[in-house]
Amino acid sequence: MRLFFMSTRELRSFALCLAISPLALGQVNANAPDSSERPLPDIHQFLLDVEHHQRDSEAIQKNYLYHEIATQRQNNGKTEVREYDIFWLNGVEVQKLTRKDGRDLTADEQRKEDEHIDKEVAKAKERKSKADAKGKETDANGHEEITVSRFFALGNFTNPRRVQIDGRDTIAVDFTGDPKAKTQNRAEDAIRQMAGTVWLDEQDRVITRAEGRFVNNFKIGAGLVINVKQGSTFSMQQKKINNEVWLPSQVEGQGSIRALLLINFNGSVHADYSNYRKFKATATILPGVATVNESSPEASNPDSQPTRPAPQ
């Protein structure tokens with residue numbers, strides 16, 4: 001079933017990656033004249049600060065478990081809904097499937113999901129180990145990161161402005177990729193074909209929203225390996241939880257994407273995130289692997305839903 005269902009984790013990570021870059025696909029009300037009159041920060045240094053804070057926030061994110069409901073609609077009319085619990089396991093971000101199309105997983109499906117997670121965690125740790133040996137910077141799942149400095153080499157940042165989102169001052173910046181820029185890997189090949197906008201919380205120096213689109217077709221191996229159609233779009237939003245950490249609240253994507261036999265998608269995907277729970281490592285998450293004991297941040301978080309038992 002994974003052959004059809006495009007992983008929102010990859011889509012979310014892609015949006016976060018581009019967000020230390022990304023022509024606006026939507027509008028945010030700039031209704032704070034006093035804020036807009038203040039001088040804007042130096043954008044180059046501001047983006048470097050965001051990059052630094054984004055990495056530091058992972059340490060807090062690892063203390064949280066939350067729920068994702070993702071709906072994917074193909075243009076042929078086929079719709080699938082998947083639910084996941086998202087948490088960190090041995091330093092790796094895990095997306096554990098819990099329900100499909102409104103039903104719980106069978107015992108056999110649960111076993112296969114646990115085996116899949118074990119393999120994915122092992123692969124991520126192996127990728128990270130190899131990258132560390134080569135002196136390359138990676139995210140928690142071992143994928144090579146693209147630094148702010150590289151984004152400046154891949155395109156142009158324009159139109160910085162201060163807007164408000166949910167009452168907070170935010171710096172919005174547009175990004176347009178340069179199709180002729182020299183690249184160092186496939187991720188950079190993709191970024192130079194994109195344009196978008198990123199909104200950055202001015203106080204916390206973190207990404208709150210990112211929107212982007214492919215302005216050109218993007219292909220690898222003449223389209224046999226990866227083929228993304230021009231006009232394909234994505235967006236992501238984050239919210240501040242318990243006044244200490246920013247976590248995803250919504251992810252969307254639309255377009256046509258094909259990647260080998262893993263993804264063959266032509267339609268839209270929408271994911272909502274909720275039930276944010278802070279935990280300590282004392283109760284089982286996965287059999288024989290890790291444990292959690294949920295504390296109770298929900299009392300101070302009106303957006304969270306009642307807790308459910310930790311996934312077994």
Side-chain angles (χ1 to χ4, degrees), residues 10-30 36 39-55 57 137 139 143-165 168-220 226 228-238 246 248-255 257:
E10 275 66 44
L11 186 62
R12 176 164 48 89
S13 298
F14 195 46
L16 280 169
C17 176
L18 188 64
I20 311 276
S21 81
L23 310 146
L25 304 177
Q27 296 293 324
V28 178
N29 291 328
S36 62
L40 293 172
D42 178 83
I43 297 304
H44 187 282
Q45 184 58 50
F46 188 76
L47 289 171
L48 291 173
D49 290 345
V50 170
E51 182 178 53
H52 177 74
H53 280 77
Q54 200 72 31
R55 292 174 180 171
S57 70
E137 296 187 30
D139 62 18
H143 297 294
E144 188 172 348
E145 287 190 318
I146 302 176
T147 64
V148 168
S149 297
R150 286 304 301 156
F151 273 113
F152 278 103
L154 295 171
N156 299 305
F157 293 90
T158 59
N159 192 27
R161 65 269 189 199
R162 182 179 285 110
V163 298
Q164 280 207 341
I165 298 179
R168 297 181 65 93
D169 285 342
T170 303
I171 304 299
V173 188
D174 297 335
F175 173 84
T176 304
D178 179 4
K180 297 181 180 180
K182 293 183 179 180
T183 60
Q184 299 178 353
N185 52 52
R186 289 179 174 177
E188 292 189 0
D189 290 340
I191 287 171
R192 67 178 184 176
Q193 306 298 331
M194 295 180 184
T197 300
V198 58
W199 289 264
L200 309 161
D201 188 85
E202 190 168 10
Q203 178 178 338
D204 289 358
R205 298 294 205 270
V206 297
I207 300 157
T208 62
R209 178 174 175 174
E211 298 179 346
R213 72 178 187 276
F214 280 85
V215 295
N216 299 299
N217 292 324
F218 174 62
K219 297 181 180 181
I220 295 177
I226 294 178
V228 181
K229 292 293 183 65
Q230 176 184 5
S232 294
T233 65
F234 65 86
S235 68
M236 63 83 64
Q237 296 182 46
Q238 296 201 119
W246 290 81
S249 59
Q250 190 176 95
V251 169
E252 291 184 325
Q254 186 168 350
I257 301 174

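Given the structure is predicted, the values throughout are model-derived calculations rather than measurements. Note: hydrogens, waters and symmetry copies are ignored here, and every other heavy atom, side chains too, is used.
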Give, for atom [atom1] of [X] and atom [atom2] of [Y], the distance between the pair rounded to the nearest 0.5 Å.
X	Y	atom1	atom2	answer
Met194	Thr233	CE	OG1	11.0 Å
Glu211	Gln237	CD	CD	7.5 Å
Gln238	Gln250	CD	CD	12.5 Å
Ile171	Trp199	CD1	CH2	13.0 Å
Glu202	Ile165	CD	CD1	12.0 Å
His53	Asp204	NE2	CG	8.0 Å

Keeping to residues at least two apart or across chains, list the salt bridge (Lys or Arg N to Asp or Glu O under 4.0 Å) pairs with something in residues 184-201.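 As it turns out, the salt bridge (Lys or Arg N to Asp or Glu O under 4.0 Å) pairs with a partner in residues 184-201, which skip direct neighbours, are Arg150-Glu188, Arg168-Asp201.
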
Can you classify the ring geometry of Phe157 versus Phe152 as parallel (below 30°), tilted (30 to 60°) or perpendicular (above 60°)?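 Because their plane-to-plane angle lies in the 30° to 60° range, the rings of Phe157 and Phe152 count as tilted.
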
Phe151 vs Ile191, side-chain contact (heavy atoms from CB on, under 4.5 Å): CA-CA, chis, key distance, verdict: CA-CA 8 Å; Phe151 273 113; Ile191 287 171; 3.4 Å; yes

Taking side chain to side chain contact (heavy atoms under 4.5 Å, CB included) as the test, write out the residues that go with Gln193, two or more places apart.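 Here the qualifying residues are Pro179, Phe214, Asn216, Phe218.
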
List in chain and number order the residues that pass side chain to side chain contact (heavy atoms under 4.5 Å, CB included) with Gln230, two or more places apart in sequence or in another chain; answer none if no residue qualifies.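 Testing Gln230 for side chain to side chain contact (heavy atoms under 4.5 Å, CB included), a comparison that skips the adjacent residues, returns Asn217.
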
State, yes or no, whether a side-chain contact exists between [X] and [Y] at a heavy-atom distance under 4.5 Å.
X	Y	result
Asp174	Arg161	yes
Thr170	Gln164	no
Arg205	Leu200	no

Who are the side chain to side chain donor-acceptor pair (under 3.5 Å) partners of Ser232, not counting sequence neighbours?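 With sequence neighbours excluded, Ser232 shows a side chain to side chain donor-acceptor pair (under 3.5 Å) to no residue whatsoever.
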
Return all side-chain donor-acceptor pairs below 3.5 angstrom for residues 39-47, not counting sequence neighbours, or 'none' if the list is empty.
from	atom 1	to	atom 2	distance (Å)
Asp42	OD2	His44	N	3.4
Asp42	OD2	Gln45	N	2.8
Gln45	NE2	Asp49	OD1	3.0

